[in-house]
K.L.:
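Starting off with a structure, shown below.
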Amino acid sequence: MSDAPRTSGMTRLRNYFLTGFVVCAPLAITAYIAWSFIGWVDSWVKPYIPARYSPDTYLPVPVPGFGLIVALVLITLIGFMTANIVGRAIVNFGERLLGRMPLVRGIYGSLKQIFQTVLSNKGDMFRQVGLVEYPRKGVWSLVFVASEKETEINQKLDQEGDPLIAVFMPCTPNPTTGFLMYVLKSDIVLLDMTIEDGAKLIVSAGLVAPELKTKLVTVNGEPIAGNLANPSLGALPQPARKSRTASSRPNR
């Protein structure tokens, strides 16, 4: 009789601990990542700030984030200067110099194209989440579907009416690494979830799944958002009944 209350009390304490852990862990990890990023930027920027302009010279304790603020201001000023003719000419001159360096040329060109795609051209980013049978039949992997573009790969391998589409299959739990694959359009099962929901699903290793939003289809073929259930008979359009009068019946 005495073990029941003790077990119940320990169970409640465990539930309280797990609830507190679920609340505190994301906050602590987010704060740690933000603090580490601020410290990383400060370690790069602060050494180049003159001592008379640095608040660390006048204060007894260092000011975290001052280097990050200076970096943001400098990046904004560089973007403002690049927008005019003089700044654009300077940038073009610097790019021509980098273009003459064999190793640096490839690295700079690739990085510039990646940043331009991610930050500038929103239409060229991943547009949908899908499923592909990989690494074998019956096993499905989550992929991000890129926009359809005509490339040399499509010209050589496309089938009539079934083009190849570039998909990116990210790794768990780090979605920034993965595999680039070209898959036939007919082999991709497109999903309704957003790119953000797909990223959450990958990072959480399947633990954080997006909310299921099923669609009902009426007799007319129009989708209706709602829970999966059989609609009532009154909700469905009833076919028109042909009434027969006595005069319209065939004579026997």
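Computed from a predicted model, the values in this text were never measured in an experiment.
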K.L.:
Report the hydrophobic cluster partners of F17, with the cluster defined as I, L, V, M, F, W, Y residues connected by side-chain heavy atoms closer than 4.5 angstrom, directly or transitively.
P.N.:
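So far as hydrophobic clustering goes, F17 is joined with L18.
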K.L.:
Give, for atom CG of L157 and atom CD of E152, the distance between the pair rounded to the nearest 0.5 Å.
P.N.:
9.5 Å
K.L.:
To the nearest 0.5 Å, what is the distance between CG on L142 and CG on L131?
P.N.:
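Reported value, rounded in 0.5 Å steps: 6.0 Å.
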K.L.:
Looking at every non-hydrogen atom in both residues, tell me the closest pair between P170 and P175 and how far apart they are.
P.N.:
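Distance-wise, the nearest heavy atoms are CB-O, 3.6 Å.
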K.L.:
Check Y53 against F66 and note the closest heavy-atom contact, atom names and distance.
P.N.:
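Of all heavy-atom pairs spanning Y53 and F66, the closest is O-CZ, 3.7 Å.
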K.L.:
Has R88 got a side-chain atom pairing as donor or acceptor with A83's backbone, closer than 3.5 angstrom?
P.N.:
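Flag set: sc R88 to bb A83 pair under 3.5 Å.
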K.L.:
Would a hydrophobic clustering, with Ile, Leu, Val, Met, Phe, Trp and Tyr connected at side-chain separations under 4.5 Å, put V63 with I69?
P.N.:
no
K.L.:
Does the S110 side chain pair with the main chain of I107, one donor and one acceptor, at a distance under 3.5 Å?
P.N.:
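The answer is no, because no donor-acceptor pair under 3.5 Å joins these two groups.
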K.L.:
Below 4.5 Å, heavy atoms only, C-beta onward: do V45 and L68 meet side chain to side chain?
P.N.:
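The answer is no, as the side chains (C-beta and beyond) never meet within the 4.5 Å cut-off.
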K.L.:
Roughly how far apart are L201 CG and E196 CD, rounded to 0.5 Å?
P.N.:
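With rounding to 0.5 Å, CG (L201) is 13.0 Å from CD (E196).
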K.L.:
Has the side chain of E133 got a donor or acceptor atom that lies under 3.5 Å from a matching backbone atom of G138?
P.N.:
yes
K.L.:
Examine distances only and state if a side-chain atom of D197 and a backbone atom of M193 form a donor-acceptor pair shorter than 3.5 Å.
P.N.:
no
K.L.:
Does atom OH of Y32 have more than 12 heavy-atom neighbours from other groups under 6.0 Å away?
P.N.:
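Open.
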K.L.:
Do Y108 and E95 touch side chain to side chain, with heavy atoms closer than 4.5 Å?
P.N.:
yes
K.L.:
Say you draw a straight line from CD1 of I165 to OH of Y182; how long is it, rounded to the nearest 0.5 Å?
P.N.:
11.0 Å
K.L.:
Is it possible for you to say whether V22 and L27 belong to one hydrophobic cluster, with membership spreading through side-chain heavy-atom contacts below 4.5 Å?
P.N.:
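No, V22 and L27 fall in different hydrophobic clusters.
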K.L.:
Determine whether L74 and V41 fall in the same hydrophobic cluster, where Ile, Leu, Val, Met, Phe, Trp and Tyr are linked whenever their side-chain heavy atoms lie under 4.5 Å apart.
P.N.:
yes
K.L.:
Looking only at heavy atoms, what is the nearest atom pair of F144 and G198, with distance?
P.N.:
CZ-C, 4.1 Å
K.L.:
Nearest 0.5 angstrom please: D187 CG to L164 CG, how far?
P.N.:
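The CG atom of D187 sits 9.5 Å away from the CG atom of L164.
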K.L.:
Check the hydrophobic clustering (I, L, V, M, F, W, Y; side-chain heavy atoms under 4.5 Å; chains of links allowed) and say if L184 and V167 are grouped together.
P.N.:
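L184 and V167: separate clusters.
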K.L.:
Can you measure from CD1 (I188) to CG (L190) and round to the nearest 0.5 angstrom?
P.N.:
6.5 Å
K.L.:
State whether the side chain of S141 and the backbone N or O of Y134 hold a donor-acceptor pair below 3.5 Å, judged by distance alone.
P.N.:
yes
K.L.:
Tell me whether the count of non-hydrogen atoms from other residues, nucleotides or ligands lying under 6.0 Å of CH2 in W44 goes above 12.
P.N.:
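No, because the 6.0 Å sphere around CH2 of W44 holds 12 heavy atoms or fewer from other groups.
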K.L.:
Count the heavy atoms of every other residue, nucleotide or ligand shown that sit under 6.0 Å from CG of L180, and state whether that count exceeds 12.
P.N.:
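Enclosed: over 12 neighbouring heavy atoms sit under 6.0 Å from CG of L180.
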K.L.:
Examine distances only and state if a side-chain atom of T57 and a backbone atom of A51 form a donor-acceptor pair shorter than 3.5 Å.
P.N.:
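Looks like yes, one N/O pair under 3.5 Å.
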K.L.:
Can you sort out the partners of K185 under salt bridge (charged side-chain N to carboxylate O under 4.0 Å, His left out), two or more places apart, ordered by chain and number?
P.N.:
E148
K.L.:
Between S54 (side chain only) and P50 (backbone N and O only), is there a donor and an acceptor less than 3.5 Å apart?
P.N.:
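It does not hold such a pair.
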K.L.:
Determine yes or no for a side-chain-to-main-chain donor-acceptor pair under 3.5 angstrom, with D162 supplying the side chain and S186 the backbone.
P.N.:
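Yes; judged by distance alone, with no hydrogens or angles, the pair exists.
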K.L.:
I'd like to know if V143 and F179 are part of one continuous hydrophobic network [Ile/Leu/Val/Met/Phe/Trp/Tyr, side-chain heavy atoms within less than 4.5 Å].
P.N.:
yes
K.L.:
Would you name the heavy atoms of K46 and D56 that are closest together and state the gap between them?
P.N.:
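Looks like NZ-OD2, 3.0 Å.
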K.L.:
Looking only at heavy atoms, what is the nearest atom pair of P47 and D42, with distance?
P.N.:
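It is CD-O, 3.8 Å.
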